[in-house]
Amino acid sequence: MFIAPPECPVFEPTWEEFADPFAYINKIRPIAEKTGICKVRPPKEWQPPFACDVDRLHFTPRIQRLNELEAQTRVKLNFLDQIAKFWELQGCTLKIPHVERKNLDLYQLNKLVNDDGGFDAVCRDRRWSKIALKMGFAPGKAIGSHLRSHYERILYPYNLFQTGANLLFYIPTHSPMSPLQKPTLTNDTKDTDYIPHDLPQRQSVQPLETCSIARRAKRMRAEGGCMKTETAEDCENRPNLRRRMGSYVAKPEPQLGKHCPLAKSKASLSFLCLSQVDQYMCLVCGSGSEEDRLLLCDGCDDSYHTFCLIPPLHDVPKGDWRCPKCLAQECGKPQVAFGFEQAGRDYSLRTFGDMADSFKSDYFNMPVHMVPTELVEKEFWRLVSTIEEDVTVEYGADIASKEFGSGFPIRGGRFQVSPEDEDYLSSGWNLNNMPVIDSSVLTHVTADICGMKLPWLYVGMCFSSFCWHIEDHWSYSINYLHWYIKAAPQQMASASFILRNLVKPNCLLSIGIYRTNQCAGEFVITFPRAYHSGFNQGFNFAEAVNFCTMDWMPMGRMCVDHYRHLDRYCVFSHDEMVCKMASKADTMDVALASAVQRDMTVMLQEEDKLRDKVSKMGVQQSQQVEYDLLPDEERQCSRCRTTCYLSALTCPCNPGQLVCLHHAQDLCSCPPNNLTLNFRFTMAELYPMMEAVTLRAESYTGWVSHVTNILEAKQDKKSSLEVLRSLVEDAEVKQFPQSDLLRQLCAVTVDAEKCAVVAQQLLNGKRQTRFRSGGGKSQSQNLLTVEELRSFVRQLHKLPCSIRQAPLLKDLLTRVDDFQQRSERLLSDEAPRPAELQSLLDVSLSLDVELPQLSLLRERLEQARWLEVVQGASSQPHSLCLDTMRRLIDQGVGLASHALVERAMARLQELLTMSEHWEERALTCILSRPCHCVETLEAALQEVASIPAYLPNCLLLKDTVDQAKDWLQEADTLQVGGRIPVLDTLTDLVSRAKTISVWLDPLARLEALVSDVQAWKEIAAKTFLMKNSPYSLLEVLCPRCEAGTGSQKSKSKRAKDVAQFNKRSGTWLDCLSDVENALLESKDSASAMATLAEVRQKEMESLLALRASNESKLLQTGDCGALRVCVCHNAPLGAMLQCELCSDTFHRSCVSGSNQDPQPNHAWLCPHCRRSEKPPLDRVLPLLASLQRIRVRLPEGDALRFLIERTVRWQHRMQQASAEGVLGVSLTSHQRWGSSSPTTAPSRETYSASFYTDHQCIPLQGLSPELEELMVEGFLLQVTLPETQQLYMSLSRLDSHNLTDSPSPQHSTEQDQHQHNPQGGSPPHIQVNWVQCDGSCQQWFHQICVGVSAEQAEKEDYICISCTQPDHTRE
């Protein structure tokens, strides 16, 4: 019973999908490739016009006998043909025996006997009855004996022949036939004559090659076999030797009536070439006796006795007879491949349709449109399975569309296309365009191949069919059914196995077979190496073509290798196609380049290996041949029929023959050095071609591999969404083809991004509307429920990629479950702790999920949190202010009623009332005028201390009282022990007292003291400062810090107590601010005096250096225009004034004024050196006395005291100098200051032609260092002394007397001998005698300056003038 196979997949693309055929085929390939065949229904609006020229279409169909199509039937028929041929060659006719009123199945009988061990084994074990049961005969009718008889008579001789036993020229003893037996195919009236199918004769007929460029028909031509032929003369000379009929004989078939037996008489052999009959002897027994039993073979003329043959013959055969050797030779010839013969007439499309409709109507005895398709299908498979019925149909197959026109419209064709149908001209689904569109590999095959690049047309009728086959080069095929007569579709099937016949689908169900009914307007696509067959259910018109996509390329190369092993022709050169594709690598699609690169790698590896093999054989000659310019027939391997392109071998011995490198040994027998290697490209040219393709393909190959690994990754190896986004961007930037992989990647990426957005919203709480405080309300209308979140997490788990939010969402779900459990536990507690409630609500803020427990948790939290705040504030009274108490009371009013809340509210209200009262009272005390005393405020503070709250006014009152106590304590300790306070300390205390709102008794006394000091400073300023003086009082009283810029010379002192001196002289004061700071920081008057003494030392050194520098400028010779003098810093010009102190010169016009004009017999000081009014000493001493009465230390007071002490010391030195007569020997005879010319006025000194001094100065060159220092310090004193004028006048008089005595060399060379060290350290050097005060100051003095001799210094104690006078400022 016929069982219909399952249906193949059917696809119905949308217009968008239908736009690109190869992209759509690639999209459905994962599904359709599993079945090998699929059907595509175009959109309903896609209806191309039928463009074939019906009037010009004429074709010759092929004849198909249905019972020759089915494989199992064909096997039986071939077996019967072999049996018939075996007996025919022995002069007998095969008759099929009848058993139980039906023909005996000789094939099945022979198969069962052979399966059971053979004829001898079945006879020995008597298993013929079992054989009969296996063949379906009923038991108990002695059918087994009949089967044995038929087997022994018909099949046993054939099996002996198959085993070669008939060639053993002896009769075996175990043979079931004795020499007396007469095996023959006797005529039985019940038996049926078997008419041999004569398959070779019909199968050798090939289809008409209607296409002039068709190479497909050429490869199907069978090779002609070599057979023995005889001339007509030989046949006439041997009329009794009958020749075999059929396709194996090359002469016309002889007439049977001309043959006669050889054994009639010897005379009848006189026409033979041999003149004597004795030469004919049996080749078995070697005897020529019994000539009437001697047979002559019609094939080889050998003689055999009929009884010597195995099995023996009963009598002489009536027809042609072949000896055992010829019989083996003839039956051993291979069968010719199966094919269909051409019909005897030519049809047009209309006449063929009339014939087809008439046949179907007559066969089913009903109109064609009423015949069910199921009935036609069952009847078809029944007819191909039977031997008895022989139904013949015709099929118009493989009609070239190039000659008669395609069913689809083409550009430049005879069919005129309407404007609305012009889109079909360029449609990819037009079978004329599909093989050559850009995505098709066949585009790179230059030849037009009928059936592959050019469509073939098929005109079918009922039962016409095509057997199981695969496409050339294992390519894709696509078939489009243009139209058919109603209820007459085309049925096709596909399977994945190798067949060349038509096998019933029932036999293939176990290994996988699929079917489909193709209707008009539908495409059927078969995939590479998918075997497919089909039959037509009525008159129809179809069109088919091949195409190859890039995924086919590995399969195509495998097919070429397969053809090579089968010695089969190739339709085109696969290597040539690959090389042409590689030459266009720059413009090649990246996906196609990837496929070409893989295929080319295999090709080059194999080619390199073959060329190396040929080189090792010894082939030395080579030449380049452009095989792409030669036709395929001229470059086919003579051994395997493959089409050569990259290389081939030729030999001069046979110029027209070549072989591929796989069969280098099969070309000829010449030595290898005679052979020539013909190549199209060198390997050095091929590898750059492959590198260009590789560069184009690597990007896409890596991308495909990466995407495939990502999409197929397991759960623990998933890639992130960012990786998917980058892959999609790479595909867009590099313009990768739209493939299933890319579409799948885009779809996965879009889904993952949507999930990531939703997940991110859930995680960052963008839709969160909850408030942290307990009074907020939740709007959760947009929130997910817990179950929705759980479902969404499961969805994320199923994504083929991982998003970074997935683990966080899973954690979110875990936290939601934990939140619900904790909420239930806390809500069941009567008094939950606020921290736990708040912690749980804090957790809910990060859960963007609808939580029904939140409202109750917030209400409980507000009460617990308020109570906790009240308790915390009460436990920390220092932070419980009035505002806090008011805020807590306001918050408590809004809470739900609760006992704990009410009690806390009462306590807060009582505390607030008390605190407000004391705050107001404390503010009143602070602002009260007059101020309260400290004792009154302290009593009020004792009452406030018992209130547990933070009261700012009370605390301010307490701070005020504390400040007053501290101030009083400082004022009391200011003059403890007779200490003299510093002015800055008094000023600070007074300032601070004014900010304290407390009555302070000492304040009035301190203010009076500060006022007295200010008044003293004003009197001192009026005494010393000149009108509009730029100097301050302290600057005038202190020694000058900036007296000059001269270099400071080092001093040598004695070694007594050197370390102590260095330690005390380490401070250097550079400006007035430094001196002032040092005086303020000094602890007592002694340290202040030491500081000022240090400044005095610096002043003297600097001024002496400045005098020397200024004097040297005036003594220089040359141009005086470069000198810069005076306050205007210009060159000296005209009448100039010279300062007695700094020795600098000034223009009279620049320093003219009431206070600056020189006075007769008085020293003139410049504006820089005259710093004060220089009051008399008797006016200065009362200032010091009044300051001592005030008993306040200030820097001006220290400076005034130092000035007076300095003045007293200078006076003492002056007196000593006068007593020693130093003033009388101050000038030397060779260092006079005046001019040597007697005519020069003594009061005017001319230095150059440009200027002169208008006032006589004491010469620097004429003074000893002691006198110069004494004079300089006298001028520096800011008091007016008669001694200063006396010294000036004395030095002035010395010049007029022209003294010639000079001071001792020691005094003239030493620079510091008149200076003393105010720090009390050791003398600077040992060349000057020093004495140290044995009083409290411990200072050092020059012995000559203080009037002490060396003997007195050694024997007596020396007390300086400072220590002998009472120190009224000492603390």
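Note that the coordinates shown come from a computational prediction; the quantities given were computed from them, not determined experimentally. Just so you know, residue 1 is the first one in the sequence shown, and it goes up from there. Just so you know, these numbers use all the heavy atoms, side chains as well, and skip hydrogens, waters and symmetry mates.
For E1140 against F1275, the heavy-atom pair with the smallest separation is CB-CE1, 3.7 Å. Minimum interatomic distance between L1277 and T1207 (heavy atoms only, all atoms of both residues): CD2-OG1, 3.8 Å. Considering every non-hydrogen atom in both V1125 and A1131, the closest pair reads CG2-C, 4.2 Å. In terms of heavy atoms, L1177 sits closest to Q1211 at CD2-NE2, 3.9 Å. Closest heavy-atom contact between L1270 and A1217: CD2-CB, 4.0 Å. For the pair R1124 and H1129, the tightest heavy-atom approach, listed with the atom from each and the gap, is CD-O, 2.9 Å.
Of the charged side-chain nitrogens involved, none lies within less than 4.0 Å of a carboxylate oxygen, so that R1209 and E1273 do not count as a salt-bridged pair.
Shown here are the salt bridge (Lys or Arg N to Asp or Glu O under 4.0 Å) partners of D1198, two or more places apart in sequence or in another chain: R1193. A search for side chain to side chain donor-acceptor pair (under 3.5 Å) contacts involving E1283 returns nothing, not counting sequence neighbours. Taking the side-chain contact (heavy atoms from CB on, under 4.5 Å) definition, one finds that S1011 meets it with nothing, sequence neighbours left out. Residues satisfying the salt bridge (Lys or Arg N to Asp or Glu O under 4.0 Å) criterion with R1179, sequence neighbours excluded, are absent altogether. Taking A964 as the reference, V934, I996, V998, L1000 meet the side-chain contact (heavy atoms from CB on, under 4.5 Å) condition, with sequence neighbours excluded.
Between atom CZ of residue R1005 and atom CG of residue L986 there is a gap of 9.0 Å, rounded to the nearest 0.5 Å. To the nearest 0.5 Å, the span separating OG on S1102 from CG on L1106 amounts to 8.5 Å. Interatomic distance, CG of L1037 versus CG of L1203, reported as 6.5 Å (0.5 Å rounding). Rounded to the nearest 0.5 angstrom, L1267 CG and M1271 CE are separated by 9.0 Å. How far CG of L1183 is from CZ of R1201: 15.5 Å, rounded to the nearest 0.5 Å. L1187 contributes atom CG, which lies 9.5 Å from atom CZ of R1189 (distance to the nearest 0.5 angstrom).
Contact annotation: the side chain of E1269 approaches that of M1100 to within less than 4.5 Å [non-hydrogen atoms, C-beta and beyond]. Side-chain atoms of R1171 and R1040, non-hydrogen and from C-beta on, do get closer than 4.5 Å to each other. At a threshold of 4.5 Å between non-hydrogen side-chain atoms, the residues R1206 and P1039 count as touching. Between P1282 and Q1286, the closest side-chain pair of non-hydrogen atoms is not below 4.5 Å. Side-chain atoms of S1172 and L1025, non-hydrogen and from C-beta on, never get closer than 4.5 Å to each other. W1210 places none of its side-chain heavy atoms less than 4.5 Å from the side chain of L1276. Side-chain contact between V1095 and F1202 is absent, with no heavy atoms from C-beta onward closer than 4.5 Å. Side-chain atoms of D1144 and C1166, non-hydrogen and from C-beta on, never get closer than 4.5 Å to each other.
Side chain of R1148 to backbone of L1137: no donor-acceptor contact under 3.5 angstrom is found. In this structure, the side chain of T1091 engages the main chain of S1087 through a donor-acceptor pair within 3.5 Å.
No side-chain donor from either of T1145 and Q1138 sits under 3.5 Å from a side-chain acceptor of the other.
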For V1075 and L1092: C-alpha separation, side-chain torsions, deciding distance, then whether side-chain contact (heavy atoms from CB on, under 4.5 Å) applies.
CA-CA 8 Å; V1075 175; L1092 292 174; 4.1 Å; yes
Using the rule given for side-chain contact (heavy atoms from CB on, under 4.5 Å), can you reason through V982 versus L1194, listing the C-alpha separation, both sets of side-chain angles and the distance that settles it, and then say yes or no?
CA-CA 6 Å; V982 182; L1194 66 162; over 6 Å; no
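For residues 1013-1034, every residue pair satisfying the side chain to side chain donor-acceptor pair (under 3.5 Å) rule, not counting sequence neighbours, is listed here: W1016-S1186. The stretch residues 982-999 participates, sequence neighbours left out, in these side chain to side chain donor-acceptor pair (under 3.5 Å) pairs: E970-R992, W999-D1001.
Classified by interplanar angle (parallel below 30°, tilted 30° to 60°, perpendicular above 60°), the ring pair F1146/H1168 is tilted.
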